[in-house]
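Here the structure is laid out as structure tokens; the discussion comes afterwards.
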2 protein chains.
Amino acid sequence: MKNPTEHLCADERTISKMLNNLPSEKDLSRICDILGAMNSGTRLKTLYLLLEGEMCVRELAMALQVSQPTISHSLRTLRQLDLVRVRKEGRFAVYYLADEHVSTFLEMFRQHAGEYK
Amino acid sequence: MKNPTEHLCADERTISKMLNNLPSEKDLSRICDILGAMNSGTRLKTLYLLLEGEMCVRELAMALQVSQPTISHSLRTLRQLDLVRVRKEGRFAVYYLADEHVSTFLEMFRQHAGEYK
DNA sequence: TAGAAATATGTACATATGTACATTTATTTA
DNA sequence: TAAATAAATGTACATATGTACATATTTCTA
């Protein structure tokens, strides 16, 4: 017996129309890269620390209790995706969040996680 | 010679204050999980497809050109993190985005990637 | 109640990834 | 200029992860 609420599978034309509305391969690739870059305890904490203010490498290593090379690798990953930027001050490398996009992501995720029961 | 703009490393007290402002371990863990769940071409495309409207498993498999088990595994991952939800309609499993948080994430990332040169 | 259709799960394997160690480079100061 | 401090890079390895294959489960229909 036919169920009136029965799901109707979309035809190929409808599906290909939906596919056209996806972000471009280039954009998808960048989004994936960003998600990957943020997807690490160390890097995520690094970003949230920088949300409070710029810090140099040694401070980050101290705060996160990881070795200097480890945090340096993390920072390179974040730098390559332009999530953080560096400013040289004497012999210190001072890191800070790249722009408000990044801050907004961080705030949003924090809010979402906070609301999640 | 002292450089007046020389960076001053924060003392332990300042750093521990910054650490207190981090999201809780629980929240960080959930954020990481979400980032990880979205960090896959198949799953990211799945989410963007569902942003256009709910779809059943077979449609998603067709659209993404992957096997049914593959998309099913992806959907389980997304389901477990409550990024998508299912509704049973007859013998079809109709998937849709869990809430506006997810839609907002997707729109934001798309916009960010679009603006990125 | 068979058989078919839709989906979910189990298992495995090749690849990707995070972090640690040692080392190098760059900058400062004594 | 030599020593010391700050940071970056090279390399390696153990672990995590995505996807494919086969199979099980559920639901509908003939």
Side-chain angles (χ1 to χ4, degrees), chain A residues 1-10 28-29 32-47 50 54-81 84-96, chain B residues 1-10 28-29 32-47 50 54-81 84-96:
Chain A
M1 194 172 293
K2 264 282 193 270
N3 183 339
T5 64
E6 174 82 28
H7 177 72
L8 287 177
C9 277
L28 283 171
S29 167
C32 254
D33 288 346
I34 290 178
L35 292 168
M38 295 174 71
N39 179 31
S40 139
T42 300
R43 290 194 297 263
L44 193 58
K45 283 183 193 169
T46 300
L47 290 173
L50 294 181
E54 54 188 32
M55 295 174 79
C56 71
V57 176
R58 211 164 71 78
E59 288 171 320
L60 287 167
M62 277 178 60
L64 299 175
Q65 308 256 52
V66 296
S67 71
Q68 177 271 317
T70 295
I71 194 65
S72 197
H73 277 298
S74 291
L75 289 168
R76 176 168 61 176
T77 302
L78 296 173
R79 221 171 48 218
Q80 285 172 338
L81 284 164
V84 305
R85 292 180 187 155
V86 212
R87 182 181 66 246
K88 273 313 211 48
E89 275 199 19
R91 50 184 171 177
F92 294 96
V94 182
Y95 280 82
Y96 56 98
Chain B
M1 198 171 289
K2 265 279 193 271
N3 183 339
T5 65
E6 174 83 29
H7 177 72
L8 287 178
C9 277
L28 283 170
S29 167
C32 255
D33 288 346
I34 291 179
L35 292 168
M38 296 174 71
N39 180 31
S40 137
T42 300
R43 290 195 297 265
L44 193 58
K45 284 183 193 171
T46 300
L47 291 172
L50 295 180
E54 53 188 32
M55 294 175 80
C56 72
V57 176
R58 211 165 69 78
E59 288 171 322
L60 287 167
M62 276 178 59
L64 299 175
Q65 308 257 50
V66 296
S67 71
Q68 177 273 316
T70 294
I71 192 65
S72 197
H73 274 128
S74 289
L75 289 168
R76 176 168 63 176
T77 301
L78 296 173
R79 222 172 46 219
Q80 286 172 338
L81 285 164
V84 304
R85 292 178 188 157
V86 211
R87 181 180 68 244
K88 273 311 207 55
E89 276 199 18
R91 51 184 169 175
F92 294 94
V94 182
Y95 280 83
Y96 56 98

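In what follows, every chain begins at residue 1, and chains take the letters A, B, ... in the order their sequences are listed.
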Closest to side chain of [X], choosing from [options]:
| X | options | result |
| --- | --- | --- |
| B/R43 | D/dA7, D/dG18, C/dA8 | D/dG18 |
| B/S72 | D/dA7, C/dA6, C/dA8 | C/dA8 |
| A/T42 | C/dA8, D/dA7, C/dT19 | C/dT19 |
| B/R79 | C/dA20, D/dT9, C/dA8 | C/dA8 |
| B/P69 | C/dT9, C/dC21, D/dT27 | C/dT9 |

Rounded to the nearest 0.5 Å, how far apart are [atom1] of [X] and [atom2] of [Y]?
| X | Y | atom1 | atom2 | answer |
| --- | --- | --- | --- | --- |
| B/L44 | A/L35 | CG | CG | 6.5 Å |
| B/L50 | B/T46 | CG | OG1 | 6.5 Å |
| B/I34 | B/S29 | CD1 | OG | 10.0 Å |
| B/L60 | B/T42 | CG | OG1 | 11.0 Å |

When the distance from [atom1] of [X] to [atom2] of [N] is rounded to whole Å, what number comes out?
| X | N | atom1 | atom2 | value |
| --- | --- | --- | --- | --- |
| A/R91 | C/dT24 | CZ | P | 22 Å |
| B/F92 | D/dT26 | CZ | C1' | 13 Å |
| B/Q68 | D/dT25 | CD | P | 15 Å |
| A/R87 | D/dA7 | CZ | P | 13 Å |
| B/I71 | D/dG18 | CD1 | C1' | 12 Å |
| B/L60 | C/dA8 | CG | P | 10 Å |
| A/L75 | D/dT9 | CG | P | 11 Å |
| A/R76 | C/dT25 | CZ | P | 15 Å |

For B/H73 and C/dT9, say yes or no: do the ring centres fall under 5.5 Å of each other while the ring planes differ by less than 30°? yes
For A/S40, report the nucleic acid contact type (base, sugar-phosphate, nothing); a contact means any heavy atom under 4.0 Å. sugar-phosphate
Which is more 5' along DNA chain C, the nucleotide nearest A/K88 or the one nearest A/V66? Just name the residue. A/V66
Residue met sooner reading DNA chain C from 5', once B/N39 and B/A93 are mapped to nucleotides: B/A93
Would you say B/Y95 places a side-chain N or O within less than 4.0 Å of OP1 or OP2 belonging to C/dA8? yes
Look at the side chain of B/R58 and the backbone N and O of B/F92, then say whether any donor-acceptor pair between them is shorter than 3.5 Å. no
